[in-house]
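The figures that follow rest on heavy atoms only: side chains count, while hydrogens, waters and symmetry mates do not. Residue numbers run from 1 in the order of the sequence given.
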Amino acid sequence: DTAIVAGRVLEENNYAAPAGKIVARWKDKMWLANSTTYPYRLWHSRGQYVGLDRLEQWDTDLDYLDIPANGDGEEIMAFIPAPGGDFAVCLKEDSFYHVYERSISSEGRFYDYERIAGIGCVGPDAWTVIDIEGFRGLAWLSPQGVMLYQIGAEIQNITPGRINYG
């Protein structure tokens, strides 16, 4: 698929969105994760760029992150824009990552990730965003218990020894 405006090719390789179980909007893009083929891959749409709204345009050959880069096979359970943060949280089965914008250039925006902890999430519906006065963060169910993460603080297990999951 090619985008042509006034007889000029603006861009090529505009494909349909990949199939995924998780979808979110962050940094003026749509993000998809957890496909059958690539459970560890996080794709993003072309997004808004130079006055064009390209949320529905995807270059699935280039616009993705494998978390981690070697593709550990572990499923992405959640992709959550952090409330009040300049990053998103990627929860996998056994790990917790920050995804952040690494750079912006005339070629577009580029993203990277950082592993924060070896604490995962039990499923795609086992988390919630908390944004109340004095607290901005996330809560989720991990195999170790109910976790609480306040932006800028360490992850806390608020039910140690009380949940036997698995």
Side-chain angles (χ1 to χ4, degrees), residues 1-3 10-104 107-132 136-143 146-151 155 165:
D1 188 10
T2 303
L10 292 181
E11 57 195 357
E12 298 179 316
N13 302 331
N14 294 320
Y15 305 117
K21 299 176 189 172
I22 296 165
V23 64
R25 183 173 177 165
W26 177 64
K27 293 285 186 182
D28 295 324
K29 296 178 184 288
M30 295 304 297
W31 295 77
L32 287 169
N34 197 334
S35 73
T36 303
T37 309
Y38 300 103
Y40 50 84
R41 182 163 288 174
L42 183 61
W43 283 279
H44 62 81
S45 69
R46 297 245 169 132
Q48 294 176 329
Y49 181 69
V50 210
L52 299 173
D53 188 359
R54 307 176 317 162
L55 292 174
E56 78 286 353
Q57 296 176 2
W58 301 77
D59 185 343
T60 53
D61 294 334
L62 296 175
D63 295 336
Y64 65 86
L65 287 172
D66 285 345
I67 301 177
N70 64 354
D72 61 5
E74 196 179 296
E75 285 188 57
I76 293 175
M77 294 297 179
F79 182 75
I80 311 154
D86 290 331
F87 60 92
V89 169
C90 181
L91 289 169
K92 296 187 75 177
E93 292 175 286
D94 294 313
S95 50
F96 178 101
Y97 292 85
H98 282 174
V99 176
Y100 58 91
E101 191 171 77
R102 181 185 48 173
S103 63
I104 301 173
E107 299 294 316
R109 294 177 174 197
F110 299 93
Y111 300 88
D112 212 342
Y113 61 89
E114 177 184 6
R115 187 174 191 271
I116 302 299
I119 300 169
C121 186
V122 300
D125 297 322
W127 61 271
T128 189
V129 172
I130 303 169
D131 193 358
I132 57 176
R136 293 180 127 175
L138 310 170
W140 71 95
L141 179 60
S142 81
V146 176
M147 299 296 162
L148 191 63
Y149 174 65
Q150 186 171 9
I151 307 304
I155 298 168
Y165 179 83

Provide the closest heavy-atom pair for [X] versus [Y] in the form atom of the first, atom of the second, distance.
X: Leu32; Y: Pro18; result: CD1-O, 3.2 Å
X: Ala24; Y: Pro81; result: CB-CD, 4.3 Å
X: Ala78; Y: Ile22; result: N-CD1, 3.7 Å
X: Trp127; Y: Met77; result: NE1-O, 4.5 Å
X: Ser142; Y: Gly120; result: CB-O, 2.9 Å

So, using side-chain hydrogen bond (donor to acceptor under 3.5 Å, both in side chains) as the criterion, who are the partners of [X] when residues are at least two apart?
X: Glu93; result: none
X: Asp94; result: none
X: Ser95; result: Glu74

Legend entry - Test item: Lys29 and Trp58 side chains (from C-beta on) under 4.5 Å apart, heavy atoms: no
Legend entry - Check: Arg115 and Cys90 side chains under 4.5 Å, non-hydrogen atoms: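 The answer is no; the side chains never approach within 4.5 Å.
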Inset, instruction - Give a yes or no answer on whether the side chain of Ser45 reaches the backbone of Met30 with a donor-acceptor pair at less than 3.5 Å. - result: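 Here the side-chain-to-backbone pair exists.
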Inset, instruction - Kindly indicate whether a cation-pi arrangement holds for Arg41 with Tyr64, taking the cut-offs as under 6.0 Å to the six-membered ring centre and within 45° of the axis. - result: yes
Inset, instruction - Test Tyr97 against every option in Ile76, Ile67, Leu42, Leu65 by the side chain to side chain contact (heavy atoms under 4.5 Å, CB included) rule and name the one that passes. - result: Ile67
Inset, instruction - Applying side chain to side chain contact (heavy atoms under 4.5 Å, CB included) between Trp43 and each of Asp63, Thr60, Leu62, report the one that passes. - result: Thr60
Inset, instruction - Sort out for me which residue in Phe87, Trp31, Tyr100 forms a ring pair (Phe, Tyr, Trp, His ring centres under 6.0 Å) with Trp26. - result: Trp31
Distance from [X] atom [atom1] to [Y] atom [atom2], nearest 0.5 Å?
X: Thr128; Y: Leu141; atom1: OG1; atom2: CG; answer: 12.5 Å
X: Asp28; Y: His44; atom1: CG; atom2: NE2; answer: 12.5 Å
X: Glu101; Y: Tyr111; atom1: CD; atom2: OH; answer: 4.5 Å

Inset, instruction - Check the pair Ile80, Val129 against side-chain contact (heavy atoms from CB on, under 4.5 Å), reporting the backbone distance first and the verdict last. - result: CA-CA 8 Å; Ile80 311 154; Val129 172; 3.6 Å; yes
Inset, instruction - With side-chain contact (heavy atoms from CB on, under 4.5 Å) as the test, would you mind laying out the steps for Val89 and Leu138 before giving the verdict? - result: CA-CA 9 Å; Val89 169; Leu138 310 170; 3.6 Å; yes
Legend entry - Pair Trp140-Phe96, ring-ring contact (aromatic ring centres under 6.0 Å, His included): steps then yes or no: CA-CA 11 Å; Trp140 71 95; Phe96 178 101; 5.3 Å; yes
Legend entry - side-chain contact (heavy atoms from CB on, under 4.5 Å) assessment of Tyr40 paired with Asn34: CA-CA 6 Å; Tyr40 50 84; Asn34 197 334; over 6 Å; no
Legend entry - Full working for side-chain contact (heavy atoms from CB on, under 4.5 Å) between Ile119 and Leu91: CA-CA 8 Å; Ile119 300 169; Leu91 289 169; over 6 Å; no
Inset, instruction - Taking the six-membered ring for Trp and the single ring otherwise, decide whether the centroids of His98 and Tyr113 are under 6.0 Å apart. - result: no
